[in-house]
Amino acid sequence: MAQKPSIPKGTRDFNPEQVAKRHYIFNTIKQAFETFGFQPIETPSFENSDTLMGKYGEEGDRLIFKILNSGDFLGKIDETIYSEKNSTKLTPKISEKALRYDLTVPFARYVVQHQNEIEFPFKRYQIQPVWRADRPQKGRFREFYQCDADVVGSDSLWQEVEFIQLYDTVFSALKLEGVTIKINNRKILSGIAEVIGAGDKLIDFTVALDKLDKIGEENVKEEMLSKGIPQGGIDKLQPLFSLSGTFNEQVKTLKNILASSGEGIKGIEELVFIDTAINALGLETAVLELDVTLARGLNYYTGAIFEVAAPITVAMGSIGGGGRYDDLTGIFGLKNVSGVGISFGLDRIYLVLESLGLFPETVAKSVDALFINFGDAEALFSLKAIKQLRASGIHAELYPDSAKMKKQMNHANKRQIPFVILVGAEEMQANKFTLKNMVSGEQSTLDLDALINQIKKS
RNA sequence: GUGGUUGUAGCUCAGUUGGUUAGAGCGCCUGAUUGUGGUUCAGGAGGUCGUCGGUUCGAGACCGAUCUUCCACCCCA
């Protein structure tokens, strides 16, 4: 015997029930995407390394799964490079392909590559797995699904408004209440950085600011100081740390801080536009919240930044994120095409729904009716009936072996099949079917039409 | 990538300062019941204690490595 088989760290098998639940989420998201006018595309699970490397920052490069070249990939390596043992230098020589890290960069590549076939603005959605060589934790896997919807080729802020509605639509359809859609704007962040004299340290500044609710004001200030942001600038941030209140109150404070920054003011205007529109349109269950500390996400966001927080009752990281990126396709040579999009983290949404018990009971149903097998003659007779049941949309099957009754009944019970149909010699003779309701235990003998009606009725 | 944590039957877990043949509940299989599952009763199967190595007369327990789980960083869905 070989050793016990296993799967790689951070990956999972899914049993039928789990797949049913995942499909429930997929289908809900997919339906919402389509009613909002998005069209699906798919891209390869692996791309050329050039396409991915360098797009997610240094940290991102580390987390990209590289695919080893085929053949004698070491034989062709220059001796000096090989003997240096420098992984960063050697990697591109032995790996020219990599698993996709997200869906946005492959989409940007797709847009550039197919720019002449695409009718802009192009609204696409994409539901596919992505891979990250991260250390797994709860809600953090090395293989997981992203469900992305993006629009390219339109600067309009109405897109942002629609994406907020899309989030609201999906989470309402999933009956997941208490979701918070946090919004911020990169222009505000870079405006603040400019005002405090850290214009060249935008990333360090935002990364530190993003940790406010986690590590506290003092630690944030400390981190900023250590990154070389002047004390005088940090003092100017004071009103930011105590920022609270409604959307409008926060906006008022921000206007004071950003009075001297044209870009910052522009960011505020964008936020106000979006908030005003959402207020006029209304949201079903989600809440839109301004969060100036929201800076997470990819470095390429240029305007709006979104992040969706699960209800506070469940300890889970963000279950979605997105934003506006004015120059995404620029890295692939196509200038002046603006994009904006959002992503749903399927695997985390699953965990949230599971912990709140929000999956409908019906998702895991297998078949409606199982025919007990009494022997070849009865089986053939049953299959004729099964053909009719299936034609009328009933999920029906025959137990394949004429095993003991107890075994067959037990099988139906364990699979939670609601109806069992018994056709023995007597029934065959009378052209009738004995229908047993496995929940109530009730039994009745019916002809085929009555049988179909009875099952369909339930 | 850094630091910590976890692993015993299919599942959830006991297992004393290192000491005979490693236990329980649930689940599973068989029978009571050859055309009736879920309840009940009787019986049964199932573990090289994550893996490899070390210490010891003796290791599930101690030490090391490795894999895995979860957690905190980093980062992120």
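Throughout, a chain's letter reflects where its sequence line sits, starting with A, and its residues are numbered from 1. Quick caveat: nothing in here was measured; it's all calculated off a predicted structure.
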Tell me what [X] touches on the nucleic acid: a base, only sugar-phosphate, or nothing, going by heavy atoms under 4.0 Å.
X	value
A/F141	base
A/G424	base
A/G10	sugar-phosphate
A/E378	nothing
A/V439	base
A/V207	sugar-phosphate
A/L422	base
A/G441	base
A/S343	nothing
A/A425	base
A/G60	nothing

[N] base / [X] side chain donor-acceptor hit below 3.5 Å:
X	N	result
A/Q443	B/U36	yes
A/R135	B/G3	yes
A/K436	B/U36	yes
A/E427	B/G35	yes
A/R140	B/C71	no

Whole angstroms only, please: what is the [atom1]-[atom2] distance between [X] and [N]?
X	N	atom1	atom2	answer
A/F433	B/U36	CZ	P	21 Å
A/E59	B/C73	CD	P	14 Å
A/N410	B/G37	CG	C1'	6 Å
A/M409	B/U36	CE	P	9 Å
A/Q137	B/G1	CD	P	15 Å
A/L351	B/U69	CG	P	14 Å
A/Y101	B/C75	OH	P	11 Å
A/I7	B/U69	CD1	P	8 Å

So, [X] and [Y], do they make that salt bridge, N to O below 4.0 Å?
X	Y	value
A/D347	A/R12	yes
A/E217	A/K221	yes
A/K227	A/E223	no

When the [atom1] atoms of [N] and [M] are considered, how many whole Å apart are they?
N	M	atom1	answer
B/U6	B/C71	P	14 Å
B/U56	B/U17	P	23 Å
B/G15	B/G50	P	15 Å

Reckon [X] has a side-chain N or O less than 4.0 Å from the OP1 or OP2 of [N]?
X	N	answer
A/K407	B/U30	no
A/K214	B/A72	no
A/K404	B/C29	no
A/K406	B/A32	no

| message | Tell me whether the ring of A/F144 lies stacked over the B/A77 base, given a 5.5 Å limit on centroids and a 30° limit on the plane angle. | response | yes
| request: Name the residue closer to the 5' end of RNA chain B, choosing between A/R62 and A/V308 according to the nucleotide with the nearest heavy atom. | output: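 Of the two residues, A/R62 wins.
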| request: For A/T11 and for A/E223, locate the closest nucleotide of RNA chain B by heavy-atom distance; then report the residue assigned to the nucleotide nearer the 5' terminus. | output: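 Taking each residue's closest nucleotide, the earlier one in sequence belongs to A/T11.
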Strictly by Watson-Crick or wobble contacts shorter than 3.5 Å, is anything paired with [N], and which nucleotide is it?
N	value
B/C52	B/G64
B/A42	B/U30
B/A14	none

| Quick check: does any side chain N or O of A/D168 sit under 3.5 Å from a backbone N or O of A/A286, one acting as donor and the other as acceptor? |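 Side chain of A/D168 to backbone of A/A286: a pair is present.
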| request: Ignoring hydrogens and angles, tell me if any N or O in the side chain of A/N184 forms a donor-acceptor pair with the backbone of A/V292 under 3.5 Å. | output: yes
| request: Could you check which of B/G35, B/C75, B/A77 has an atom nearest any side-chain atom of A/S318? | output: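 My answer, after comparing the listed nucleotides, is B/A77.
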| task | Output the distance between atom CG (A/L52) and atom CG (A/L63), rounded to the nearest 0.5 Å. | result | 12.5 Å
| field | Approximate separation, where rounding is to 0.5 Å, of A/I394 CD1 and A/L389 CG | value | 5.0 Å
| Ring-ring centroid check A/F33 A/Y125, cutoff 6.0 Å |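 Yes: the rings meet the under 6.0 Å criterion.
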